[in-house]
Amino acid sequence: MPKIISGFEPLAIKTACEQLQKGDIVALPTETVYGLAADARNEEAVKKIFAAKKRPAFNPLICHVHPHFDLKDYVTLSSLALEFIEAFWPGPLSLVLPLASGHPIAPSVTANLPSLALRAPANDIFQSVLQNFGFPLAAPSANKSQGLSPTEAEHVFMSLKESDITILDGGASSVGLESTIIDLSSPSAPRLLRRGSITKKDIEDKLNIILTESLSPNKEGKVASPGQMLQHYSPNTPLRLDVTTPLEDEVWLSFGHSSGTHSKELNLSPTGDLEEAARHLFSFLWKADQFHANSIAVAPIPHKGIGIAINDRLKRAAQQVK
Ligand code: TXA
Ligand code: MG
């Protein structure tokens, strides 16, 4: 059974680093979702992540780094990569970069691809662990493969009940959606692989570039990011999307002003604030599941700003093909 300890106690950082050094896995908070971390240089430790999540071995992991690390030990940095780092790190943005020759990253982390996804999380607890540990930590979201992402320590506990891991509790994640992923393995053709709170427009406006989208497998079934499964982020209860009139026995995930007359209503943001809705999305889906209703009805969410990423997650969560 997992053990939850407060990540704000100074001893927690020491405990986490000792366990990582031993080759154990530890769940840590980030601003996006909780991550399940292992020493990225230790193949046996990384394999424990895949086993705990029941994650297919073809799906590579994101490595988390401290902004002070010398990244050239791990990847080749183009000038565009440096511009992305300067503009958006630390923060909810992962960059897929060519692996450097002589790098120490364990082969399972990259699923034997020639590229590595890197991200510097903006979370004090995770950053302290990285600073004390001194090396990159491979960390996918700390949930069962294809299940709901965890934005609170309790979600990790529920998802990974049978694993004897330590979870550092850092409170609710402040963003609530996984990082935006950009593929820079070919710097002349940057590609958006996963939507997140940093939008395509944010990036294009800030860096004065054009991003192509590569968000799902193409017609030949070729996948740019191995984790682009259509079904993902799913609660146990079936979801119905873009519902304006929920059924009486459904859980109702509403958005914006509502009459408040539905008996099982969870309002993602009564004021219609998309950032607040993103922060609440996964935790409300976790709560909605606990009602054990026949279905969960979700109100239409505007397709603008972070709402685009919210709709992406909802669409994948609603797929029921297992
Ligand atoms: O916000 C986040 O990114 C969270 C927190 C914990 O940092 N992590 C996360 O990891 O969402 P995960 O494993 O659930 O999703 C990682 C995604 C997968 O879709 C994977 O296929 C993709 O990143 N990925 C990792 N390495 C890649 C690579 N070399 N090339 C293409 N895609 C890659
Ligand atoms: Mg995930």
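We count residues from 1, following the sequence as given. First listed ligand is number 1; within each ligand, the first listed atom is number 1.
For ligand 1, the polar-atom distance check against Tyr34 finds no nitrogen or oxygen pair separated by under 3.5 Å.
No heavy atom of Pro92 sits closer than 4.0 Å to any atom of ligand 1. Taking 4.0 Å as the cut-off, Val96 counts as a neighbour of ligand 1 on heavy-atom distance.
When the heavy atoms of Pro150, Ala139, Ala117, Ser185 are ranked by distance to atom 8 (N) of ligand 1, first place goes to Ala139.
For NZ of Lys48, the number of neighbouring non-hydrogen atoms (other residues, nucleotides, ligands) closer than 6.0 Å is greater than 12.
The Mg ion (ligand 2) lies under 2.8 Å from an N, O or S atom belonging to Ser141.
His64 and Phe126 have their aromatic ring centers within a separation under 6.0 angstrom.
For Glu31, no heavy-atom contact with ligand 1 is shorter than 4.0 Å.
A salt bridge links Lys14 with Glu18: the closest approach of a Lys/Arg side-chain nitrogen to an acidic carboxylate oxygen falls below 4.0 angstrom. Of the charged side-chain nitrogens involved, at least one lies within less than 4.0 Å of a carboxylate oxygen, so that Glu31 and Arg119 count as a salt-bridged pair.
No donor-acceptor pair closer than 3.5 Å links the side chain of Asp242 to the backbone N or O of Ala299.
Contact atoms of ligand 1 toward Ser179: 1 (O), 2 (C), 3 (O) (distance under 4.0 Å to a heavy atom of the residue). The atoms of ligand 1 that sit less than 4.0 Å from any heavy atom of Asn59 are 18 (C), 20 (C), 21 (O). Numbered from 1 in the order shown, with element, the atoms of ligand 1 that lie under 4.0 Å from a heavy atom of Thr32 read 1 (O), 2 (C), 4 (C), 5 (C).
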